[in-house]
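Notes for the one structure printed next.
We name chains A, B, ... by the order of the sequence lines, and we start the count at 1 in each one.
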2 protein chains.
Amino acid sequence: MARSTRWLDEDQEASWRSYRQMASRLEAHLARSLARDGGLSVPDFDVLTALTDAPERRLCLKDVAAGLLWSPSRLSHHLDRMQARDLVRRVPCPEGRGSDVETTERGVAAVTAAAPAHDAAVRDAFVDVISRKDLATLGRIAEAVLENLADAPDA
Amino acid sequence: MARSTRWLDEDQEASWRSYRQMASRLEAHLARSLARDGGLSVPDFDVLTALTDAPERRLCLKDVAAGLLWSPSRLSHHLDRMQARDLVRRVPCPEGRGSDVETTERGVAAVTAAAPAHDAAVRDAFVDVISRKDLATLGRIAEAVLENLADAPDA
DNA sequence: CCGCAGGCATTGACGTGTCAACCACACGGC
DNA sequence: GCCGTGTGGTTGACACGTCAATGCCTGCGG
């Protein structure tokens, strides 16, 4: 922190800019593609995927939040919206405190219908554009950045 | 498109997940850091930077939008908010149609004060975590993905 | 049995972003 | 001179996310 006034050099600046543009464009692109064929948003898709991956297609709220790295509040708000569209349903939690979410029929249908196209979109826009080796490098980079963020949780 | 049912393999899936997590955590981290010391949001910072980089610290709206890859509507909404906080000011455009934005004193002060810490945050959380070589690779990846997105503007 | 401590979830207010509809004005043809 | 047309900008409605405050139970100590 406070590493005095040593600015990013030109290469670093360029990479950083490119990265930022890629991140925002890519996100927007996938969001639009997902919305077009199926009417789901990316967060919708993430929630439904988490649920369908779980046994009984049902999870405790805090586990969903932990898995997606979402704040409780974000999850609650989003479940409100999804529940209003009949994609998921809140159900009382059998064991102890907390409560569960489960997918509805519509939810399962929506995510099942959307998954292949979404997967294809991820490949077309991202995975297939990058060499296997570079993709692995990117994975390592992401892990390193995440770990570094976790170490310095705040600052 | 519609590359039938060939799913991402495990490595690809892992890299994709890591990338997504990095992108969202990193964005959140930088946003918080910027907000803490200076009260600016990332979009605020982007707009102010674009303006202070310009001669006369003043630009035509559509040029700002083009430079940041923002929609006109996004820019208009954001300028409303920034103008309400006296960070920028809309001014009539001397030549022909359209209108300009310029920074206020407060705007310049805010971005000047925030820039070093933001730069340091980008280094601490990102640039310095990645080897020079990997950073260059990331830059190339980003360029490739952006170009690929530009080629298939819609789909 | 009462009370309160802490984890889990919800709520409200607000900033941010998208899409679609709209307004306004400069310009070219007639 | 007047009317399309198109570009540049705005607006409204809504989805998304954050923060801070709150509510609601469970379980434990007196």
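- Between B:D63 atom CG and D:dT7 atom C1' the separation is 13 Å, expressed in whole Å.
- We find that B:D46 and A:R20 are joined by a salt bridge, their nearest charged nitrogen and carboxylate oxygen being less than 4.0 Å apart.
- The separation between B:R90 atom CZ and D:dG8 atom C1' is 12 Å, rounded to whole Å.
- Here D:dG9 presents its P atom at 10 Å from CG of B:L79, a figure rounded to the nearest Å.
- Between B:H78 and B:R81, the side chains place a donor N or O and an acceptor N or O closer than 3.5 Å (distance only, hydrogens not considered).
- Side chains of A:T137 and A:D134: no donor on one and acceptor on the other come within 3.5 Å.
- More than 12 heavy-atom neighbours from other residues, nucleotides or ligands sit within 6.0 angstrom of CZ on B:R89.
- Side-chain contact annotation: A:Q83 with A:R90, donor-acceptor N/O pair under 3.5 Å present.
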Polar pairs (N or O, both sides) under 3.5 Å between protein and nucleotides 15-19 of chain C?
unit_1: C:dT16; atom_1: OP1; unit_2: B:S41; atom_2: OG; d: 2.9
unit_1: C:dT16; atom_1: OP2; unit_2: B:R81; atom_2: NE; d: 2.9
unit_1: C:dG17; atom_1: OP1; unit_2: B:R74; atom_2: NH2; d: 2.9
unit_1: C:dG17; atom_1: OP2; unit_2: B:R74; atom_2: NE; d: 3.4
unit_1: C:dG17; atom_1: OP2; unit_2: B:R74; atom_2: NH2; d: 3.2
unit_1: C:dT18; atom_1: O4; unit_2: B:H77; atom_2: NE2; d: 3.2
unit_1: C:dC19; atom_1: OP1; unit_2: A:R32; atom_2: NH1; d: 3.4
unit_1: C:dC19; atom_1: N4; unit_2: B:S73; atom_2: OG; d: 2.7

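- To the nearest angstrom, P of C:dT10 lies 8 Å from CG of A:L75.
- Between the CG atom of A:D46 and the C1' atom of D:dG17 there is a distance of 14 Å, given to the nearest Å.
- Distance CD (A:E27) to C1' (D:dG17): 13 Å, rounded to an integer number of Å.
- Following rounding to the nearest Å, A:Q83 (CD) and D:dC16 (C1') show an atom-to-atom distance of 18 Å.
- Partners of A:D11 according to the salt bridge (charged side-chain N to carboxylate O under 4.0 Å, His left out) rule, which considers only residues two or more places apart in sequence or in another chain, do not exist here.
- One atom, CG of B:D80, and another, P of D:dG9, lie 13 Å apart when rounded to the nearest Å.
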